[in-house]
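Scroll down for the structure; my scribbles are underneath it.
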2 protein chains.
Amino acid sequence: MEDALGVALQAVGEKWAFLVVREVGLGVRRFDELQAVTGAPRAVLTDRLGRLVGTGILETRAYRQPGQRARQEYALTDAGIDLLPVLAALSDWGSLHLPAGAVREVDYRHLGCGGRVTARLVCECGEPVGSHDRLIAQINR
Amino acid sequence: MEDALGVALQAVGEKWAFLVVREVGLGVRRFDELQAVTGAPRAVLTDRLGRLVGTGILETRAYRQPGQRARQEYALTDAGIDLLPVLAALSDWGSLHLPAGAVREVDYRHLGCGGRVTARLVCECGEPVGSHDRLIAQINR
DNA sequence: CGGTATCCTATAAGATACTG
DNA sequence: CAGTATCTTATAGGATACCG
């Protein structure tokens with residue numbers, strides 16, 4: 001059996017899958033909009049959307065705005081929402097450690113207080129875990 | 001220009017790259033050991049190790065234990081160490097949201113207090129950010 | 001022990017055009 | 001709009017063997 005990290009990478013480990021989840025989380029919900037903002041080829045986007053729905057990260061919803069025809073939109077499920085911290089953590093890492101100038105900065109902010117949101121390791125005892133604290137993992141091989 | 005998430009995914013977005021970083025972080029430092037625990041094909045492992053060194057996530061170090069011949073080992077750089085929260089966050093997500101029984105559980109624990117370590121989103125104002133708090137991202141498109 | 005060298009397959013990505 | 005269809009290329013992954 002593979003471990004959680006390996007399987008999670010299979011589920012969302014591709015470039016476009018992660019980017020699609022981010023954009024849907026930010027409110028981009030329709031096919032052509034997603035295609036425009038991500039730049040993914042349409043066939044790839046179709047495939048990723050289908051897979052993300054299949055793994056329970058996205059769901060499709062029909063909706064109709066007053067006076068307009070019925071449309072369909074993609075939305076994050078709870079599992080998808082829980083993926084956002086992972087995105088924020090990876091994006092932060094990229095901003096901090098990849099060569100400056102090679103990437104655009106992306107800030108994640110908390111709607112309401114407006115503060116910048118970052119990912120941190122915390123111990124269940126309540127202590128924050130510093131970068132150089134050693135971790136041990138218990139894996140059943 | 002691509003954004004930080006896209007570039008970060010290019011750097012570590014492959015299955016074996018992430019798994020190698022985890023294992024090195026847990027103390028597995030030599031080629032054959034890494035090959036054994038990850039199961040990666042040797043040619044792939046060679047490639048990933050080289051790329052991870054090239055992007056500054058791993059470094060090689062020569063060392064010699066008393067009475068033994070010189071060896072080489074891989075170690076995490078500071079950038080590599082900062083990747084551990086991302087791994088923990090993704091692994092946690094997999095344990096929580098992927099079908100039970102499909103994955104092995106992996107616990108990350110804090111050496112010293114022994115408590116379970118998880119990744120959390122925190123706001124710079126000091127407040128923890130809940131799963132359903134809405135985030136906004138500022139991206140320069 | 002720490003890789004290289006081949007070879008092969010599977011999948012992701014990219015481009016472009018078409019359809020209900 | 002929201003996809004399908006088709007085709008091509010690039011890259012990842014897997015198996016196996018060999019080498020200093």
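Proteins come first, then strands; the chains are lettered A, B, ... in the order of their sequence lines, and each starts at number 1.
- Distance CG (A/Leu45) to C1' (D/dG3): 9 Å, rounded to an integer number of Å.
- B/Thr77 places a side-chain N or O within donor-acceptor distance of the main-chain N or O of B/Ile57, the cut-off being under 3.5 Å.
- With rounding to whole Å, A/Leu58 atom CG is found 12 Å from D/dG3 atom P.
- Separating the CZ atom of A/Arg30 from the P atom of D/dA2 is a distance of 6 Å, rounded to the nearest angstrom.
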Below 3.5 Å between N/O atoms, which protein atoms pair up with nucleotides 6-13 of chain D? Just atom names and distances, please.
{"from": "D/dA12", "atom 1": "OP1", "to": "B/Glu14", "atom 2": "OE2", "distance (Å)": "2.5"}
{"from": "D/dA12", "atom 1": "OP1", "to": "B/Arg51", "atom 2": "NH1", "distance (Å)": "3.3"}
{"from": "D/dA12", "atom 1": "OP1", "to": "B/Arg51", "atom 2": "NH2", "distance (Å)": "3.4"}
{"from": "D/dA12", "atom 1": "OP2", "to": "B/Arg51", "atom 2": "NH2", "distance (Å)": "3.3"}
{"from": "D/dG13", "atom 1": "OP2", "to": "B/Arg48", "atom 2": "NH1", "distance (Å)": "2.5"}

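- Distance alone, capped at 3.5 Å, is enough to place a donor-acceptor pair between the B/Trp93 side chain and the A/Ala79 backbone.
- For the pair B/Arg42 CZ and C/dG3 C1', the interatomic distance rounds to 7 Å; values are reported in whole Å.
- Per the geometry, CG belonging to A/Leu49 stands 7 Å off P belonging to D/dG3, to the nearest Å.
- Checked by atom type and distance alone, the side chain of B/Arg109 pairs as donor or acceptor with a backbone atom of B/Gly114 at under 3.5 Å.
- Counting to the nearest Å, the P atom of D/dG3 and the CD atom of A/Glu73 are 12 Å from each other.
- Without hydrogens or angle criteria, B/Thr55 side chain to B/Arg51 main chain gives a donor-acceptor distance under 3.5 Å.
- In this structure, CD of A/Gln72 is placed 8 Å from P of D/dA2, rounded to the nearest angstrom.
- Under 4.0 Å is where a charged nitrogen must lie from a carboxylate oxygen, and between A/Glu73 and A/Arg61 at least one such pair does.
- Regarding contacts with the backbone of C/dC1, every side-chain N or O of B/Tyr74 stays at 4.0 angstrom or more from both OP1 and OP2.
- Regarding B/Asp32, its CG atom lies at a distance of 14 Å from the C1' atom of D/dC19, rounded to whole Å.
- Side-chain N or O atoms of B/Gln35 include none that pairs as donor or acceptor with a backbone N or O of B/Arg42 at under 3.5 Å.
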